A.B. asks: 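This is the structure, below, for whatever I ask next.
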Amino acid sequence: QVQLVESGGGLVQPGGSLRLSCAASGSIFSISSMGWYRQAPGKEREMVASVSSGGTVNSLDSVKGRFTISRDNAKNTIDLQMNSLKPEDTAVYYCHVYGKATTWQGFMNYWGKGTLVTVSS
């Protein structure tokens, strides 16, 4: 199985920055996309940013120009640099991998446990 370990959440003032990191480990045969989702209280989980195996980046319109996602295929890591944070960015952020653990398994969604980001003065 694929395990995802996140780090980097916390409390930050509006306008501040945080960097989230996620490392995938365990049985990993192939990874397609890696990315970050978030879920605010009372809202559905939404995709923040993702990177395909070919390097194509997709991101939420509201974070474009503020958040930067970076993927290291050799290390199976995915980072999210978040700048100019706003109170509406407050949420639990989840690392996501779409991959397969073994040659005989199909691609599956794997999730980290989540890390809380709070933007408040």
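Only a predicted model underlies this, so the values are computations on that prediction, with no experimental measurement involved. Side chains are part of it too, since the values below use all heavy atoms of this structure and drop only hydrogens, waters and symmetry mates. For reference, positions follow the sequence shown, starting with 1.
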A.B. asks: Return the CD1 to SG distance between I78 and C22, rounded to the nearest 0.5 Å.
C.D. replies: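 So the gap between those two atoms works out to 8.0 Å.
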A.B. asks: Report yes if some heavy atom in the side chain of N109 is under 4.5 Å from a heavy atom in the side chain of H96; otherwise report no.
C.D. replies: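 Sidechains of H96 and N109: in contact.
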A.B. asks: Please check if Y98 and I69 belong to a single hydrophobic cluster, counting links between Ile, Leu, Val, Met, Phe, Trp and Tyr side chain heavy atoms closer than 4.5 Å.
C.D. replies: no
A.B. asks: List the atom pairs, donor and acceptor, that lie under 3.5 Å between side-chain atoms in residues 82-89 and the rest of the protein, sequence neighbours left out.
C.D. replies:
unit_1 : atom_1 : unit_2 : atom_2 : d
N83    : OD1    : S17    : OG     : 2.9
N83    : OD1    : Q81    : NE2    : 2.9
D89    : OD1    : R38    : NH1    : 3.0
D89    : OD1    : R66    : NH2    : 3.1
D89    : OD2    : R66    : NH1    : 2.7
D89    : OD2    : R66    : NH2    : 3.4
D89    : OD2    : K86    : N      : 2.8

A.B. asks: I'd like to check S53 versus R71 (side-chain heavy atoms, cut-off strictly below 4.5 Å). Are they in contact?
C.D. replies: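 Touching, per the 4.5 Å side-chain cut-off.
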A.B. asks: Looking at CE of M34 and CG of N73, how far apart are the two atoms once the value is rounded to the nearest 0.5 Å?
C.D. replies: 8.0 Å
A.B. asks: For L20 and G9, work out which heavy atoms get closest and say how close.
C.D. replies: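 Taking every non-hydrogen atom into account, CD2-N, 3.6 Å.
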A.B. asks: How about L4 and V2: do any of their side-chain heavy atoms sit closer than 4.5 Å?
C.D. replies: yes
A.B. asks: Return yes if some donor-acceptor pair links the side-chain N/O of E6 with the main-chain N/O of K113 below 3.5 Å, else return no.
C.D. replies: yes
A.B. asks: Please find the pair of heavy atoms, one from S121 and one from P14, that lie closest to each other, and give the distance.
C.D. replies: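 Of all heavy-atom pairs spanning S121 and P14, the closest is N-CD, 3.7 Å.
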A.B. asks: Looking only at heavy atoms, what is the nearest atom pair of Y110 and G99, with distance?
C.D. replies: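 The answer is CE1-O, 3.5 Å.
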A.B. asks: Between V12 and L116, is there shared hydrophobic-cluster membership here, with clusters defined by ILVMFWY side-chain heavy atoms closer than 4.5 Å?
C.D. replies: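 Each belongs to a different hydrophobic cluster.
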A.B. asks: Which heavy-atom pair separates V48 from V63 by the least distance, and what is that distance?
C.D. replies: O-CG2, 3.8 Å
A.B. asks: Linking I/L/V/M/F/W/Y whenever any side-chain heavy atoms sit under 4.5 Å apart, do L60 and Y93 land together?
C.D. replies: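 Yes; tracing contacts between hydrophobic side chains, which count when under 4.5 Å, links both residues.
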A.B. asks: Less than 4.5 Å apart, any side-chain heavy atom of W36 and any of S50?
C.D. replies: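 They are not in side-chain contact.
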A.B. asks: Do side-chain atoms of S21 reach the backbone of S7 as a donor and acceptor pair under 3.5 angstrom?
C.D. replies: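 Side chain of S21 to backbone of S7, a donor-acceptor pair under 3.5 Å: no, none is there.
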A.B. asks: I want to check something: taking the side chain as every heavy atom from C-beta on, are S120 and T90 in contact at a cut-off of under 4.5 Å?
C.D. replies: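 Side-chain contact under 4.5 Å: no.
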A.B. asks: Starting from W111, can I reach V92 by hopping between I/L/V/M/F/W/Y residues whose side chains sit under 4.5 Å apart?
C.D. replies: yes
A.B. asks: Starting at CG of L11, measure out to OG1 of T118 and round the result to the nearest 0.5 Å.
C.D. replies: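 Interatomic distance, L11 CG to T118 OG1, rounded to 0.5 Å: 6.0 Å.
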A.B. asks: In Å, rounded to the nearest 0.5 Å, how long is the span from CD of Q1 to OG of S25?
C.D. replies: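 Going from CD on Q1 over to OG on S25, the span is 11.5 Å.
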A.B. asks: Under the ring pair (Phe, Tyr, Trp, His ring centres under 6.0 Å) rule, what do Y37 and Y94 come out as? Steps first, then yes or no, please.
C.D. replies: CA-CA 5 Å; Y37 284 65; Y94 296 91; 8.7 Å; no
A.B. asks: Is K100 reaching over with its side chain to a backbone N or O of F29, donor-acceptor style, under 3.5 angstrom?
C.D. replies: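 Side chain of K100 to backbone of F29, a donor-acceptor pair under 3.5 Å: no, none is there.
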